[in-house]
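For reference, the structure is listed below as C-alpha cells.
A, B, ... follow the sequence lines: proteins, then strands. Residue 1 opens every chain. Hydrogens, waters and symmetry mates play no part in the numbers below; they use all other heavy atoms, side chains included.
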Protein chains: 2
Amino acid sequence: MGIKELARHLNISIGTVSRALNGHPEVNAETRKRVLEAAAELGYAPDQAGRSLRQGTLNVVALLLSTDLTSKTDTMFFMELSRGIQDQFAEHGLDLVIHLNKPDLDMLDRVKRIVERRQADALILAETRDNDPRLDYLAGRGFPFATMGRSWSGGTHPWMDLDFDFAMRAAIDRLAGFGHRRVALVTGDPGYRLDSMLQDAFRRELAGHGLVVDEALMIKTDTHEEGGYKAMTDFLAMPEPPTAVIFPHYRAVVGAYSYLSESGRQPGRDVAILSCSADTAIAQFMAPPLTCFRLDLYGLGRRLAQALLASMPRFAESYGNALIQEIWPWELVGRDSDGFHVN
Amino acid sequence: MGIKELARHLNISIGTVSRALNGHPEVNAETRKRVLEAAAELGYAPDQAGRSLRQGTLNVVALLLSTDLTSKTDTMFFMELSRGIQDQFAEHGLDLVIHLNKPDLDMLDRVKRIVERRQADALILAETRDNDPRLDYLAGRGFPFATMGRSWSGGTHPWMDLDFDFAMRAAIDRLAGFGHRRVALVTGDPGYRLDSMLQDAFRRELAGHGLVVDEALMIKTDTHEEGGYKAMTDFLAMPEPPTAVIFPHYRAVVGAYSYLSESGRQPGRDVAILSCSADTAIAQFMAPPLTCFRLDLYGLGRRLAQALLASMPRFAESYGNALIQEIWPWELVGRDSDGFHVN
DNA sequence: CTCTATTCCGTAAACGTTTACGACGATACC
DNA sequence: GGTATCGTCGTAAACGTTTACGGAATAGAG
C-alpha cells in the first residue's frame with residue numbers, strides 16, 4: 001500500500017509513480033493512465049506524513065474555537081462560517097480542522113503547539129482578545145493566520161469583520177424613529193474586541209442622535225440565555241427602565257424574551273428588542289420574530305479563507321498577493337420584536 | 001529548530017535528545033534536565049510529520065460532522081459532546097480535530113481519505129445511516145472508530161447511545177397521565193438510525209398504553225425550525241388534531257412554538273409539547289419552558305472517547321481491553337410546555 | 001551519419017524523527 | 001585482576017514521500 005508496492009506492481013520506478021500522481025508534465029500519458037488506474041484499484045493514497053515531511057506542507061488549515069465561545073455565543077454562527085471556510089479551502093485540496101480549546105491561557109499554548117509541531121499550514125482565530133498574545137506570537141514566527149474580527153491594532157494580518165458602526169446606526173435610527181429615547185445595550189466582556197467595538201459604536205451613535213448616554217443602561221454580562229435574562233430583569237427593576245434594548249448576541253435575546261414572558265410583558269409591545277446578531281434560522285421563528293441583521297455567513301467564511309490563502313506564499317499569486325482586510329455590510333431586517341411606537 | 005540543532009547546541013547526540021524528550025528511562029537525570037530546559041528555551045517541539053512518519057502514529061483523532069447535521073439539528077449538542085471527547089483525549093496527549101463534511105456520498109470519500117492518508121489515528125462518527133458504508137469500510141480496514149448512536153446491526157465497534165425506549169415510555173406515561181390520547185411524533189429522516197429508533201419506540205409505547213397508533217400523526221420532516229413549523233401547521237389543520245406532540249429534535253420545537261404563537265395558541269395550554277432532546281441551556285428559557293430530558297452531554301463525550309480508546313491497541317490495556325457499548329439513561333425534567341390536563 | 005534537442009524515466013538524497021544495536025566506562029562480584 | 005552487569009550514550013537505519021540530477025532512447029536537423 002506504499003508507493004513502493006504500487007511501483008513494483010507496475011514495474012515502474014517510484015519516482016515515475018510519484019510524478020504521475022502529482023501531475024508532473026514529464027511523464028508519458030499512457031504511463032500516467034496506468035498509474036492512476038492502478039492507484040484507484042489498489043486504493044493507494046499518498047501517506048500524509050511522508051509527503052508533508054518531504055515538502056514541508058501539510059494541506060491542513062486549523063480553525064481555533066474556544067469552548068468559551070461555543071458555550072456562550074451562537075454556535076450556528078461558527079458552523080455556517082466554518083462551512084464557507086471549508087468549501088473555499090477544498091478547492092485547493094486543503095482540509096479544515098477545528099480545534100476546540102479551553103479559553104484564555106491555554107489558547108497560546110495550543111497555538112504554539114500547532115505552529116512548532118507543524119500541525120497545520122495556517123491558522124484561523126475565531127475571535128481576538130485585548131492584547132492578544134497569540135497575534136504577536138504568530139506574526140513573530142511569520143506563520144500565516146487570519147482572524148474573524150479585526151484586532152485592536154488593526155494589524156497586518158488578514159481578517160474579515162462586520163460593519164458595527166453601520167449596524168449600530170441603523171439600529172438606533174430605527175429605534176429613534178419609533179420614538180425611543182432610553183435605549184440600552186447588553187454586551188459581553190469588553191475584553192473581546194467585538195464587544196468593545198459595539199460599546200464604542202453605541203455611545204457614538206446615541207450621541208449622534210442627541211440621546212443621552214446612560215452608563216447604567218450598558219450592561220456587560222454573559223452572552224448566553226442566562227445573561228440576557230438577568231440583564232432584562234435588572235433593566236425592568238430600574239426606576240426608569242429603558243424602552244428599547246439592543247442585544248448584539250442572539251442567545252441573550254432568548255433569555256430576555258423569557259423574562260418578559262414570565263413577567264407578563266411582551267417583546268415588541270412593552271419593550272423593544274433588537275439584535276445585531278446574524279439572522280440565523282431561529283430569529284424568524286421566535287415569538288415575536290426578532291429584528292436583526294441579514295448576513296451571508298457562508299460567503300463571509302469563504303472570503304475569510306480567501307484572505308488567508310492570499311497571505312500564504314503557496315497560493316498568494318492566485319489571489320493577487322494582497323493583504324485582505326474587509327468590513328462586511330449587513331442589512332437590517334425589521335420584524336416585530338421592536339416594532340412599536342413609544343408615546 | 002530541528003532536533004539536530006538542539007542536539008548540536010547541547011553537544012549531545014540526537015538519539016539522546018530524543019530519548020530525553022520522550023521520557024525513556026535510559027538517560028541520565030542531569031542530561032534530561034538540560035535537554036528539557038534547552039528545548040523550552042529554544043522553543044523546540046518535535047515535528048509532527050517526522051514523528052508520525054517514523055512511528056506510524058499521529059496523536060490525532062478525527063470527529064466527522066456532516067453539515068447536514070450542523071444545519072438541521074442542535075449544534076449545541078455536538079459542541080458539548082466534543083468538549084467531553086476532547087478533554088478525555090487530552091489526558092493521553094491526543095488532539096481532537098473536527099472535520100466538517102457535506103452529507104451523504106462525500107462522507108465515504110472523506111473517511112477513505114482520512115484512513116488511507118493516515119490523517120488520524122482513529123475516527124468518531126457523529127451519526128450513522130441505514131446501511132452505512134463507512135462502517136463496513138472502517139471495520140474492513142481494521143481502523144479504530146466509534147459512533148455516537150448505535151448502528152443498525154449493533155456492530156462490533158464501540159458506541160454510546162441514549163435510552164430512547166425509556167425516554168419514549170417516560171414521555172408517553174406523562175402525556176397519558178395528563179389524559180392525552182392523540183399523541184403525535186415529529187422525527188427526521190428515518191434513514192438515520194436515531195429517527196428510526198424513535199419511531200419504533202413511539203409505536204411500541206403507544207400500543208403499550210392502549211393508545212391507537214395513527215400513522216398520520218407521525219410526521220417525518222426536517223428537524224430544524226421550519227420543519228417544526230410546518231409539522232405543527234399540518235397537525236392543527238387536521239379534522240381531529242393531536243392534543244400532544246413529541247418533538248425529539250429540539251430545534252423543531254422552536255418552529256412549533258412559533259406557529260402556535262402566530263395562530264393565537266399557546267404551548268402547554270392548547271397543545272402539549274414535549275421534547276426528547278437533551279436539556280441544553282435554551283430549553284428552560286423558552287416561553288413556556290420546555291419539557292425535555294436531562295443528560296450529561298459532557299460526560300457522554302468523555303465516555304465515548306474512553307470507548308474508542310479501549311479499542312485502540314495503544315491504549316486498550318488502560319481501559320480493560322473491552323468492547324464498550326453503552327446506553328445512557330436520562331431523566332425527564334417536566335416543565336410547562338406540556339403541563340395541562342386534557343378534558 | 002553525426003550532433004543536438006527532446007522525452008521519458010530511474011537513482012538516490014533529503015525531510016525530522018525514533019529506536020535497535022553496539023560501545024564505552026564504571027561498578028560489582030568472585 | 002578478570003569478568004559480568006549496569007547505566008549512559010552515540011551511530012545509523014528506517015518510516016514514505018518528493019525531486020534534483022543524470023542517463024537512455026528517440027526524434028530532428030544538418
Aromatic ring proximity, centroids under 6.0 angstrom, Y319(A) and H92(A):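 Yes, they do, as the ring centres are separated by less than 6.0 Å.
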
Taking atom CG as the centre, does N131(A) end up with more than 12 heavy-atom neighbours from other residues, nucleotides or ligands that are less than 6.0 angstrom away? no

NE2 of H9(B): more than 12 outside heavy atoms within 6.0 angstrom?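 Incorrect, the count does not exceed 12.
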
Would you mind classifying the nucleic acid contact of T31(B) as base, sugar-phosphate or nothing, using non-hydrogen atoms under 4.0 angstrom? sugar-phosphate

Indicate, with a heavy-atom threshold strictly under 4.0 Å, whether Q55(A) touches base, sugar-phosphate, or nothing. sugar-phosphate

May I ask you to list the residues of residues 2-13 of chain A, by number, that have any heavy atom positioned under 4.0 Å from an atom of DNA chain C? I12(A), S13(A)

For chain B and DNA chain C, what are the first and last nucleotides along the strand, 5' to 3', with at least one atom under 4.0 angstrom from a heavy atom of the protein chain? dG16(C) to dA20(C)

Could you say whether V27(A) or N22(B) is positioned toward the 5' end of DNA chain C, judged by the nucleotide with the nearest heavy atom to each?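 By nearest-heavy-atom nucleotide position, the 5'-most residue is V27(A).
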
I want to confirm an ordering. Mapping H24(B) and L53(B) to their closest nucleotides on DNA chain C, which one lands closer to the 5' end? L53(B)

Which residue is it: D68(B), T128(B), T73(B)? I am looking for the one with a side chain to side chain donor-acceptor pair (under 3.5 Å) to Y192(B). D68(B)

Ion pair present between D132(B) and R193(B), side-chain N to carboxylate O less than 4.0 angstrom?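 Salt bridge: no.
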
Under-4.0 Å salt bridge between E37(A) and K33(A): yes

If you assign each of V17(A) and G50(B) to its closest nucleotide in DNA chain D, which residue comes earlier from the 5' end?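 In this pair, the answer is G50(B).
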
Atom CD of E30(B) to atom P of dG7(D): distance rounded to whole Å? 18 Å

Mind checking whether D87(B) and E91(B) have side chains closer than 4.5 Å, heavy atoms only?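 D87(B) does not reach E91(B) side chain to side chain.
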
Please tell me if the side chains of L308(A) and F315(A) come closer than 4.5 Å, counting only heavy atoms from C-beta onward. no

